[in-house]
Chemist: 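A single structure is presented below for examination.
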Amino acid sequence: MGVALRDIIADYKTPVSWEALPGIAAVDANNTLYQFLTIIRQPDGTPLMDRQGRVTSHLSGILFRISNFMAKGIKPVFVFDGKPTQLKQATIEERRKLRDTAGEKWREAVERGDEAEAYKQARSSTRVDDTIIRTSRELLGLMGIPVVQAPGEGEAQAAFMVARGDCLYVISQDYDTLLFGAPTLVRNLTVSGKRKIRGRQITVNPERIVLAETLAGLKLTREQLIEIGILVGTDFNPGVEGVGAKTGLKIVQKGEFAAKLKEKQPDFDPAPVMEMFLKPPVTTEYSVAAGHPDAEGIKKMLCDGYDFSEERVDKALEGFSVKAGQKTLESWF
DNA sequence: CGTTCCAA
DNA sequence: TTGGAACGG
């Protein structure tokens, strides 16, 4: 998915404890929903569904994660994607094809009883469609979570909101927000900290990446970081074959970005992509103020509408409303 | 992913 | 009490 800068950013990630995170956080909504939909599945790949067969994985993810956020003093603002730019069309089309193929392979794997393959293909067939967006927004509204509609990329809008000081950091798994200028990015903000990767269980801790520290450490300007992104490939351009983050870093540090592109992709003009990261469409028409959670409304939607257990929803709401607006010990100092 | 269950 | 397995919808 996101721009593959992991290998050069690794040294500038610092573990961060939950105690250091209270405040307003700009959540990359599409990234979060995609994550829920890919991961909250049964071993054969079937997502959580109500009795009518409507997918509910995202609703489960939102309910429990936000309940935990609230209990820890993290006030999320969900930022949704707007209209994709023309630059992204090729990527969108490519992803659609991959999803469709995966959907077929999933069905085939289920038929022949290959559970591991079914799970893998099901994940690859994940799509954050209009229904997922609509139902997520409905639940967030009932929870009193502010929602921001980005004019373009949600990641750009989230970065902008942090840069303006309206939010403390962006929550996303992708590094794209750094290219969009997010001063601080927090990854792996999950409660359990445990993840099963290929049968192995590993502990994943929340980590913080400060853009200024990363640029200083790599001796780069933000424009140069974007240049590396362009070389390895972004949602807006395919990248140069055989160039990863480390090679890209070397090329850019030697000042050979333009020359390398001219050599490998003579017909490609990187200026519009650079422009997209430096001056993306964003809006100041938003509010990060949280509303009051409507416990009855949430129960009506989830329990009556989507067959959630009332007991579990009640429990999630408990941590929610009790701690909402309550000062954490940390914030007194 | 996050919660709950259950064996040790 | 703990942590891996099963469940949730």
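In what follows, every chain begins at residue 1, and chains take the letters A, B, ... in the order their sequences are listed. Computed from heavy atoms alone, side chains included, the values below leave out hydrogens, waters and symmetry copies.
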Chemist: Distance check needed: C:dA6 P versus A:Glu115 CD, whole Å only.
Modeler: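 From A:Glu115 CD to C:dA6 P: 11 Å.
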Chemist: Whether A:Glu153 and A:Lys88 form a salt bridge (side-chain N of Lys/Arg under 4.0 Å from carboxylate O of Asp/Glu) is what I want to check.
Modeler: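 Looking at A:Glu153 together with A:Lys88, the answer is yes, because their closest N to O distance falls below 4.0 Å.
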Chemist: In whole Å, what is the span from the CZ atom of A:Arg41 to the P atom of B:dG2?
Modeler: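 Taking CZ of A:Arg41 and P of B:dG2, I get 16 Å after rounding.
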Chemist: Do the side-chain N and O atoms of A:Gln173 and A:Asn188 include a donor-acceptor pair separated by under 3.5 angstrom?
Modeler: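 Their side chains do contain a donor-acceptor pair, which is all the 3.5 Å distance test asks for.
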Chemist: Round to a whole Å and report the spacing from CD1 of A:Ile39 to C1' of B:dT3.
Modeler: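 So the CD1-C1' distance, A:Ile39 to B:dT3, works out to 16 Å.
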Chemist: Checking all strands, does A:Arg54 fall into the base, sugar-phosphate, or nothing category for heavy-atom contacts under 4.0 angstrom?
Modeler: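 Result for A:Arg54 = nothing.
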Chemist: How long is the line joining NZ of A:Lys315 and C1' of C:dC7, in whole Å?
Modeler: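 Distance check: A:Lys315 NZ to C:dC7 C1' gives 15 Å.
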Chemist: Verify salt bridge (charged side-chain N to carboxylate O under 4.0 Å, His left out) between A:Glu111 and A:Arg107, making sure each step is shown before the conclusion.
Modeler: CA-CA 6 Å; A:Glu111 270 173 25; A:Arg107 193 175 45 77; 3.5 Å; yes
Chemist: Whole angstrom is fine here: how far is it from CE in A:Met49 over to P in C:dC7?
Modeler: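 So the two atoms are 16 Å apart, to the nearest Å.
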Chemist: Looking at C:dG8, C:dG9, B:dT3, which one has an atom nearest to any side-chain atom of A:Phe64?
Modeler: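 The listed nucleotide nearest to A:Phe64's side chain is B:dT3.
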Chemist: For A:Ser309, answer base if it contacts any base atom (sugar-phosphate contacts may also be present), sugar-phosphate if it contacts only those atoms, and nothing otherwise; contact means non-hydrogen atoms under 4.0 Å.
Modeler: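 It contacts sugar-phosphate atoms only.
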Chemist: Tell me whether the NZ or CZ atom of A:Arg137 lies within the 45° cone about the ring axis of A:Phe78 and under 6.0 Å from its centre.
Modeler: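 Negative - A:Arg137 is either too far from the ring of A:Phe78 or too far off its axis.
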Chemist: What is the separation between atom NE2 on A:His58 and atom C1' on B:dG2, rounded to the nearest whole Å?
Modeler: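 Atom NE2 in A:His58 sits about 16 Å away from atom C1' in B:dG2.
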Chemist: Name all stems that contain residues of DNA chain C, defined as runs of 3 or more consecutive Watson-Crick or G-U wobble pairs, both distances under 3.5 Å.
Modeler: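 In DNA chain C, stems of three or more pairs: B:1-8 with C:1-8.
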Chemist: Return no unless some side-chain N or O of A:Arg312 is found under 4.0 Å from OP1 or OP2 of C:dG8.
Modeler: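 Checking A:Arg312 against C:dG8: no side-chain N or O falls below 4.0 Å of OP1 or OP2.
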Chemist: Starting from the C-alpha separation in whole Å, work towards a yes-or-no answer on salt bridge (charged side-chain N to carboxylate O under 4.0 Å, His left out) for A:Asp50 and A:Arg54.
Modeler: CA-CA 5 Å; A:Asp50 68 4; A:Arg54 298 178 299 182; 2.7 Å; yes
Chemist: What integer distance in Å separates A:Glu310:CD from C:dG9:P?
Modeler: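 It is 12 Å, rounded to the nearest whole Å.
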Chemist: Is any side-chain N or O of A:Asn68 closer than 4.0 Å to OP1 or OP2 of B:dT3?
Modeler: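 Affirmative; the distance criterion is met.
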Chemist: Kindly confirm or rule out a cation-pi arrangement of A:Arg41 over A:Trp106, judged by NZ or CZ under 6.0 Å from the six-membered ring centre and within 45° of its axis?
Modeler: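 Yes, A:Arg41 and A:Trp106 form such a contact.
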Chemist: Taking CG from A:Asn205 and P from B:dC1, how many angstroms apart are they, rounded to a whole number?
Modeler: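 Atom CG in A:Asn205 sits about 13 Å away from atom P in B:dC1.
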Chemist: Calculate, to the nearest 0.5 Å, the distance between atoms OH and CD belonging to A:Tyr286 and A:Gln157 respectively.
Modeler: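 If we round to the nearest 0.5 Å, A:Tyr286:OH and A:Gln157:CD are 6.5 Å apart.
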